[in-house]
Amino acid sequence: YRALAEEAMRLATALRASGMAPGDRVAYLCPNTPELVIAHFGVPLAGGVLVALNTRLAPPEVGAILDHSGARMLLADAELLPRVAPAIEARAGVEEVVVIPAGRTGAGGATGATPIDELLARGSDDPLSWTVDDEDGLISLNYTSGTTGPPKGVMYTHRGAYLNALGENLTAGHDHRTVYLWSLPMFHCNGWCHPWAIVAAGGTQVTARAFRPSEAWGLIREHDVTHLCGAPPVLAGLVDAPEAGALDRPLHIMTAAAPPNPTVLGRLEALGARITHVYGLTETYGPHTVCQPQVSWDGAAPEERSALLKRQGVAMVIADPIRVVDDDGRDVPRDGRTLGEVVMRGNNVMKGYFADPEATAAAFRGGWFHSGDVAVWHPDGYIEVRDRAKDIVISGGENISTIEVEQAITSHPDVAEAAVVGVPDDRWGERPWAFVVPRDAGDLDARALREHVRSRLAAFKCPDAFERLDELPKTSTGKVQKYVLRERAAAAAVARSDKGP
C-alpha cells in the first residue's frame with residue numbers, strides 16, 4: 001500500500017504539472033490493469049474527474065464520449081490505442097494522449113502519444129493532501145451502455161463512491177484477508193466501486209487484462225482468491241470450464257443483472273462457492289440492493305430456495321429504502337403480484353447526468369430516481385424485478401414477464417442461457433419468442449423445452465418459438481441486446497406467417 005500511495009501521488013502531481021485544473025476530466029482507456037487501480041486514486045487526488053472508458057466501444061463511440069465529457073487528457077493502453085487512434089486524433093478537446101505499455105513493459109504507443117514514463121517524470125515527491133474539499137464534488141463520470149439511446153454520463157460524487165464502497169465491503173465481507181479477482185470490468189460503474197472498497201478493507205487485488213474462465217481458475221488457485229464479481233455469463237463460464245473443480249477455500253461471488261441460473265447456481269455451490277445476488281444500475285454506483293439470505297431459507301428445497309435467491313432484495317445498509325410504485329408514484333401493494341416501477345434515492349444514487357439537465361429532470365421526477373425496471377414487492381420487503389418496462393410482453397391483455405419465462409427455460413439442465421422478447425401477433429397483440437443457447441453443441445429439442453416450460457408456467461406464457469443461438473448478442477457489460485433479438489424474431493415471425501399454416 002505504500003507503493004500504491006507513492007504511485008498515486010506521482011500520477012496526481014504529474015497531472016497537476018501538466019496543467020490539469022480542479023474538475024478537469026481525465027479519461028482512461030485500459031483493461032483491468034494496475035494502472036487503472038492507481039488512476040482511481042491519483043486522478044481524484046489531483047482534483048480531477050476520472051472517466052474510465054469502455055474498452056469494447058468502437059472508435060466513433062470513444063470519440064463521442066471524449067467530446068461529451070470534455071476530457072483534456074487521455075491515458076490509453078498500448079494494445080487499445082491503435083484501434084481508436086483515428087477517432088482520438090480528431091478530438092480537438094483532448095490536449096494530450098498518453099500511452100501505457102501493455103503489461104507495464106516495453107514502449108508501445110502511437111504517433112504523437114506521450115509515453116507514461118514521460119508524464120510521470122513531471123511529477124514530484126511533494127506530498128498532497130488526501131482530503132476532499134467538497135464531498136458532493138465529482139469523483140468520476142460513468143457512461144451508460146446506450147442500449148436505449150446515446151450513452152449518458154452518470155455523475156458520481158466522492159460521498160456516494162465512499163459510501164457505496166463501504167456498502168460493498170459490508171455486503172461481501174471484505175477485510176484484510178480478502179483476495180479479490182478482477183473479472184468485472186473496472187470501467188463499469190468504477191468496478192462497482194471495488195477499486196476503493198478493497199483498498200478500504202486492506203485486501204489484495206488481482207488484476208487480469210481479460211476474463212477467460214480457464215485462466216481465472218488458474219488465478220483463483222494460484223492466489224487463493226476469496227472474492228470476485230460478475231454477470232451470469234461469468235458464472236456460467238466458470239462452472240463450464242474444464243478446469244472447474246472443488247475449491248480449497250470458500251469463494252464469495254457477487255452477481256448482478258439477471259438472476260442466477262438455478263442450475264449454474266447449484267453447480268457452483270457444490271464446488272464450494274457462495275453466491276450473493278445484487279441489483280442496481282450505473283446510476284446507483286452499481287449494486288443498490290442485496291438479496292440477503294435468511295436463516296429460514298437454508299432448509300428450503302432447491303427449487304424453492306432458488307426462487308427466493310432470485311429476488312433483488314432490500315436496500316443495502318448505506319442506501320435509502322427502495323420502493324415499487326404505480327404510475328402516480330404511490331406504493332404498490334406488497335403482495336408479490338402487483339407490478340410497478342422500482343424507484344430509489346439517497347447518497348448512492350447519481351448526482352445526475354453530466355451536461356444533460358433535461359434527462360436528469362426526467363429521471364428524478366417526483367424526487368425519486370426512476371429505474372425503468374418493473375418489479376413486484378413481496379410482503380417481507382424484498383422486491384423482485386420482473387422486467388424492463390419496455391420488455392414486458394402484453395399478450396391478450398395479460399402481462400408476461402420475460403425474466404420469468406427466461407428463468408423457466410434456463411432451469412432446464414441442457415440450457416446455458418436464454419432470452420425472451422415479444423413479437424407482434426395479429427390475434428394476441430404480442431407473443432413471447434425465445435432464443436436459447438444450449439449448454440453443449442448440438443440440436444435444440446424445442447418440443448422438450450416447450451413441455452418443460454409449460455410444466456412450470458401457464459400455457460399462455462410459453463414462447464411460440466425456441467430459436468437456437470450459439471451466443472446471445474450482448475453489450476460490453478454483459479446485458480443482452482434485446483432490440484437485436486426483437487428485430488430477428490419479428491422477421492422470423494413474418495417469415496413463418498408467410499408460409500401459412
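Bear in mind the structure is a predicted one, so any value in this text is a computation, not a measurement.
Side-chain rings of H227 and H194 stay apart, their centers remaining 6.0 Å or farther from each other. Not less than 6.0 angstrom separates the ring centroid of F364 from the ring centroid of H370. With ring centers used as reference points, W196 lies 6.0 Å or more from Y180.
Within the 4.5 Å cutoff, the side chain of H277 has no heavy atoms near those of the R311 side chain. By the 4.5 Å heavy-atom criterion applied to side chains, L53 and L66 are counted as neighbours. For the pair V94/R72, no side-chain contact is recorded, criterion being any heavy-atom separation below 4.5 Å from C-beta on. Side-chain contact between L268 and L235 is present, with at least one heavy-atom pair separated by less than 4.5 Å. Y382 is not listed as a side-chain neighbour of V376, based on a closest heavy-atom distance of 4.5 Å or more.
Between R386 and D373 there is no salt bridge, since none of the side-chain N atoms of the basic residue sits less than 4.0 Å from a carboxylate O of the acidic one.
Considering only residues two or more places apart in sequence or on other chains, E6 meets the salt bridge (Lys or Arg N to Asp or Glu O under 4.0 Å) condition with none of them.
W182 and Q205 share a donor-acceptor pair across their side chains, judged by distance under 3.5 Å alone. Counting only N and O atoms by type, the side chains of T289 and Q312 include no donor and acceptor under 3.5 Å apart. In the model, T402 has no side-chain atom that pairs as donor or acceptor with a side-chain atom of D391 under 3.5 Å.
Between M9 atom CE and F41 atom CZ the span is 12.5 Å, to the nearest 0.5 Å. Atom CG in L4 sits 12.0 Å away from atom NE2 in H40 (nearest 0.5 Å).
A salt bridge (charged side-chain N to carboxylate O under 4.0 Å, His left out) with K351 is found for exactly one of D136, D356, D134, namely D136.
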